[in-house]
Participant: 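The structure follows.
In each ligand, atom 1 is the first atom listed, and ligand 1 is the first ligand listed.
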Amino acid sequence: MKGIGLYIHIPFCKKKCFYCDFTSMAGRYDLVERYIDYLIMEISLYKDRIGDCPIETIFIGGGTPSSIDDVYIKRVLDYIYDNFNTNYLKEISIEANPGTLTLEKASAYRESKIDRISLGLQTTQDEMLKDIGRIHRVDDFYRSYNILKECGFDNINVDLIFGLPNQALKDVIGDLEVVTSLEIPHISYYSLIVEPDTPMYEWHRNGRLNLPDEDTERLMYHKGIEFLKSRGYEHYEISNFAKKGYQCKHNILYWKVEPYVGVGLGSHSNIYGKRYWNTSKFDVYFKQLDEGLMPTSGEEIIHRGMEMAEYCILGLRLIDGIDIGKFKDRFGSSIYDIYGEQILKHSKNKLLREKSGKIALTRKGLDLANLVEVDFFP
Ligand SMILES: C[S@@+](CC[C@H](N)C(=O)[O-])C[C@H]1O[C@@H](n2cnc3c(N)ncnc32)[C@H](O)[C@@H]1O
Ligand code: SF4
């Protein structure tokens, strides 16, 4: 039986970072106990839906899962271990903020069989951390790293952001130098997105953000790729780099459009030919579950055309690209019969290339992926 991925959302943070629009509430720890009860209630609704289908990966994300007491994480995982088929689990990840990770929490995670930790570092400069609203300093990152090593965690990811206000190329190379010298096996290297409804968006609108210009931002990306490759990392997804054997299995499942269930506020699911998404409001989440309903706020049937488009759009995020043979196996048609025109157009303008039975973005295509994507929409 084909397995699924399970995403669990923990929507709490100590404080909102100035750039972030993820579904999370700052300082509402009074809601945690109730939220976890309802989260388990939601998970219980899946007993009939997924039955004995194996859960292959679990990703506990947020918000900041490490900012709540570890007993809650244990409660949720124990419930899953007791009620679902977890015999084929390959990976259990959790996101942590260096300002909220403690030795007690990390060792509790280990006892709960969590085997991958993702640390949000963003930059290795204290001044910049303060300017983007982070609650931690660089020293907290080193402290967290030592805690993880002490607890025997070896599968560690670090999130970095480039293109931050007042950041120069030498700053981001310095960040990569710090992280790679610690032999961290997985690095997410994100380009800053100035999201609407964030303080940064307002500052940007008012001309108060000194962001790197577009050329510098792209240089940060490509020099970052070069640097990481020179340190033995494989660039396997637009923003992700890993040492051999350390790619994130859960995220790969999204990029390959395999089935997954998301539980908790604002999470998404894609299973049994349907996509649906949960409400992002606490009161609605609690109310719908009180009524025995799924806490969703929308759903759609994924028809074949849409699934093929998603398979291509997400598949192109992977540096290896789309496997032509696998496309045929999955959809029963050649990718050229469906998307021949798009592939030809973007091969001519050097955004796509075909190599060894795969269609992938070129170096130039990595910068202009959105131009390719739009042409695949049904
Ligand atoms: C849920 S957070 C990680 C865990 C934890 N909340 C933390 O921040 O330490 C996921 C990651 O998304 C990235 N991120 C969030 N907002 C972003 C934005 N506007 N632009 C680029 N990266 C962003 C950050 O690198 C962040 O670490
Ligand atoms: S980046 Fe992480 S800590 Fe900051 S607000 Fe977003 S989810 Fe919370």
Participant: Applying a strict 4.0 Å limit to heavy atoms, is R134 in contact with ligand 1?
Facilitator: yes
Participant: Honestly, is K243 close enough over Y233, meaning NZ or CZ under 6.0 Å from the six-membered ring centre and within 45° of the axis?
Facilitator: yes
Participant: Counting heavy atoms only, which of C17, S66, G62 is nearest atom 5 (S) of ligand 2?
Facilitator: C17
Participant: Applying a strict 4.0 Å limit to heavy atoms, is G61 in contact with ligand 1?
Facilitator: no
Participant: Could a heavy atom of C17 be found less than 4.0 Å from some atom of ligand 1?
Facilitator: no
Participant: So is there a nitrogen or oxygen of C20 less than 3.5 Å from a nitrogen or oxygen in ligand 1?
Facilitator: no
Participant: I need the contact type for R134 against ligand 2. Using non-hydrogen atoms and a strict under-4.0 Å cut-off, is it side chain, backbone, both or neither?
Facilitator: side chain
Participant: For ligand 2, which atoms have a heavy atom of G63 less than 4.0 angstrom away?
Facilitator: 7 (S)
Participant: Please determine if G63 has a nitrogen or oxygen closer than 3.5 Å to a nitrogen or oxygen of ligand 1.
Facilitator: yes
Participant: Picking from F22, Y72, Y35, what satisfies ring pair (Phe, Tyr, Trp, His ring centres under 6.0 Å) with F12?
Facilitator: Y35
Participant: Identify, by atom number and element, the atoms of ligand 1 in contact range of F22, meaning under 4.0 Å from any of its heavy atoms.
Facilitator: 1 (C), 10 (C), 12 (O), 15 (C), 16 (N)
Participant: Taking both backbone and side-chain atoms of Y19, is any N or O found less than 3.5 Å from an N or O belonging to ligand 1?
Facilitator: yes
Participant: Within C20, is some N, O or S atom less than 2.8 Å away from atom 6 (Fe) of ligand 2?
Facilitator: yes
Participant: How long is the span from the CD atom in E234 to the CG atom in D320, to the nearest 0.5 Å?
Facilitator: 6.5 Å
Participant: Which is closest to atom 23 (C) of ligand 1 by heavy-atom distance: I161, T23, I193, I132?
Facilitator: I161
Participant: Do any heavy atoms of S191 fall under 4.0 Å from ligand 1?
Facilitator: yes
Participant: Do any nitrogen or oxygen atoms of Q122 lie less than 3.5 angstrom from nitrogen or oxygen atoms of ligand 1?
Facilitator: yes
Participant: My understanding is that only one of H268, E310, E299 makes a side-chain hydrogen bond (donor to acceptor under 3.5 Å, both in side chains) with R275; could you say which?
Facilitator: E310
Participant: Show the atoms of ligand 1 that are less than 4.0 angstrom away from any heavy atom in A96.
Facilitator: 9 (O)
Participant: Give the contacting part of I135 toward ligand 2: side chain, backbone, both or neither, where contact means a heavy-atom distance below 4.0 Å.
Facilitator: neither
Participant: N97 heavy atoms, cut-off 4.0 Å: which ligand 1 atoms fall inside?
Facilitator: 7 (C), 9 (O)
Participant: Do the ring centers of Y260 and Y254 come within less than 6.0 Å of each other?
Facilitator: yes
Participant: Under 4.0 Å from a heavy atom of G62: which atoms of ligand 1 are those, numbered in the order shown and with their elements?
Facilitator: 1 (C)
